[in-house]
Amino acid sequence: MAQEHRPPIESGCPDGFQYMHPVMRKNYGAWDYHEHPRPGVLLHVAKNGDQIWTVRAGTQRILDVFTLRTLCDIGDKYADGYVRFTIRSNIEYMVADEAKVQPMIDALEAEGFVVGGTKNSVAMISHTQGWLHCDIPGTDASGVVKAMMDELIDEFKENNMPNRVHMTTSCCQINCGGQGDIAINVQHTKPPKINHDLVSNVCERPSVVARCPVAAIRPAQVNGKPSLEVDEKKCICCGACFPPCPPMQINDAEHTKLAIWVGGNHSNARGKPTFQKLVAAGIPNNPPRWPEATAIVKRILRAYKDDARDWERINDWVERVGWPRFFELTGLPFTKFHIDNWRGARRSLNSSTHIRF
Ligand code: SF4
Ligand code: SF4
């Protein structure tokens with residue numbers, strides 16, 4: 001008799017259809033048009049006339065159980081118990097009955113949630129969880145988000161921007177986060193400090209050497225023990241050696257800063273992807289409110305709001321006016337640090353066949 005095999009354990013992402021509002025499931029692929037009746041609310045109309053309203057509210061990325069219960073109670077009362085979370089950590093309720101839309105908004109606002117983040121608003125800043133789950137953050141990305149969104153709350157609630165603004169933060173210099181219309185990223189400014197007593201116990205030296213993008217790390221013997229050394233002239237202070245080797249400490253209260261990058265966007269039906277460019281560096285990593293970084297973000301948003309044409313994203317606007325004009329309009333200083341003079345860039349960034357060194 002053939003041996004019976006154990007069925008595989010499915011531990012991946014579950015099928016989303018089972019969680020979808022019945023009106024959405026029924027009309028999957030059969031929508032006619034959608035409208036935006038007010039900030040924070042979308043209306044989708046199916047070909048057969050079915051309608052469904054989506055109400056979006058901002059939430060923090062990490063939700064405690066009491067807040068979740070409050071949000072779920074509101075969903076049970078007004079949205080037939082269906083909710084979903086967006087990739088920018090907003091909660092969305094699907095409401096099939098128009099009469100329940102305004103009472104739901106009132107219930108959310110009564111509990112202190114903010115309805116908005118749709119169409120040409122400043123959407124919720126996307127970010128990683130930093131201290132809560134990761135071993136390498138150089139700042140508290142969630143804290144930066146809270147401090148900034150407190151000041152941008154009106155831009156989240158209203159539709160005053162020329163087009164949508166996506167902002168991101170990252171809490172280290174190398175991994176998740178950090179690609180958007182405006183990105184607030186960690187910037188290390190000093191090479192790692194090595195604790196030689198710990199390296200041989202904690203680090204797998206060949207993997208650490210291989211991690212460095214500019215080959216600045218070499219194996220070394222220090223005080224008779226195997227360790228590592230860094231060629232500080234080559235080091236670009238990226239922090240990539242810190243995750244596999246925590247004794248190569250790079251986070252530093254004084255020398256870990258923030259940098260702001262502008263103009264990143266995905267490709268779409270009309271344009272290629274655009275890469276963001278550095279516009280402000282060496283900004284103090286200044287918890288708990290990060291006032292310096294927030295002031296620069298607000299300055300960029302004000303210039304974009306005043307000068308961009310309707311429906312221009314930030315990258316479209318900068319491309320039209322040019323980077324010199326961007327710096328004039330925002331009043332941000334353009335310094336020698338904005339010019340990429342890293343000699344490795346000749347091979348990696350300057351890829352034209354006409355200009356080769
Ligand atoms: S951005 Fe870096 S520090 Fe933050 S969660 Fe991602 S890997 Fe960790
Ligand atoms: S910080 Fe980056 S560039 Fe410097 S030694 Fe570590 S991996 Fe290499």
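Counting starts at 1 for both ligands and their atoms, following the listed order.
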* To do: Please identify which atoms of ligand 1 are closer than 4.0 Å to at least one heavy atom of C134.
  => 3 (S), 5 (S), 7 (S), 8 (Fe)
* Asked: Which protein non-hydrogen atom lies closest to atom 8 (Fe) of ligand 2, naming both residue and atom, and how far is it?
  -> C212 SG, 2.3 Å
* To do: Output the list of atoms in ligand 1 that are nearer than 4.0 Å to some heavy atom of P137, sorted by atom number.
  => 3 (S)
* Non-hydrogen atoms of T128 and A141 that approach each other most closely -> O-CB, 3.6 Å
* Asked: Taking the minimum heavy-atom distance to atom 3 (S) of ligand 2, which of I174, L228, I236 ranks first?
  -> I236
* What class does the angle between the rings of W323 and F326 fall in, given that below 30° is parallel, 30 to 60° is tilted and above 60° is perpendicular? -> perpendicular
* **Close approach, Q173 and ligand 1, non-hydrogen under 4.0 angstrom** => no
* Structure fact -> ligand 2 atoms nearer than 4.0 angstrom to some heavy atom of V214 are 3 (S)
* Asked: Which heavy-atom pair separates T274 from G263 by the least distance, and what is that distance?
  -> OG1-O, 2.8 Å
* Could you tell me whether ligand 2 has any atom less than 4.0 Å away from a heavy atom of P191? => no
* Structure fact -> atom 4 (Fe) of ligand 2: closest protein heavy atom, distance to 0.1 Å, is C235 SG, 2.3 Å
* Is the side chain of N27 donor-acceptor paired with the backbone N or O of V23 at a distance under 3.5 Å, no angle test? -> yes
* Is atom 2 (Fe) of ligand 1 under 2.8 Å from any N, O or S atom of C172? -> yes
* Minimum-distance pair of heavy atoms, taken over all atoms of V230 and C235 -> CG1-CB, 4.0 Å
* Asked: For atom 1 (S) of ligand 2, what's the nearest protein heavy atom and its distance?
  -> G239 N, 3.2 Å
* Heavy atoms only: give me the nearest N163-W311 pair and the separation to one decimal. => ND2-O, 3.0 Å
* Nearest neighbour in protein (non-hydrogen) for atom 2 (Fe) of ligand 2 -> C238 SG, 2.3 Å
* Please state whether the rings of H34 and H44 are parallel, tilted or perpendicular, taking 30° and 60° as the class boundaries. => parallel
* To do: Using a 4.0 Å heavy-atom threshold (strictly under), name the region of I217 that reaches ligand 2: side chain, backbone, both or neither.
  => side chain
* To do: State the atoms of ligand 1, each with its element, that fall below the 4.0 Å cut-off from a heavy-atom position in H133.
  => 5 (S)
* **Flag, side chain of Y78 to backbone of I105, donor-acceptor distance under 3.5 Å** => no
* Nearest protein heavy atom to atom 6 (Fe) of ligand 2, by residue and atom, and its distance? -> C241 SG, 2.3 Å
* **Short side-chain donor-acceptor distance under 3.5 Å, E319 and N315** => no
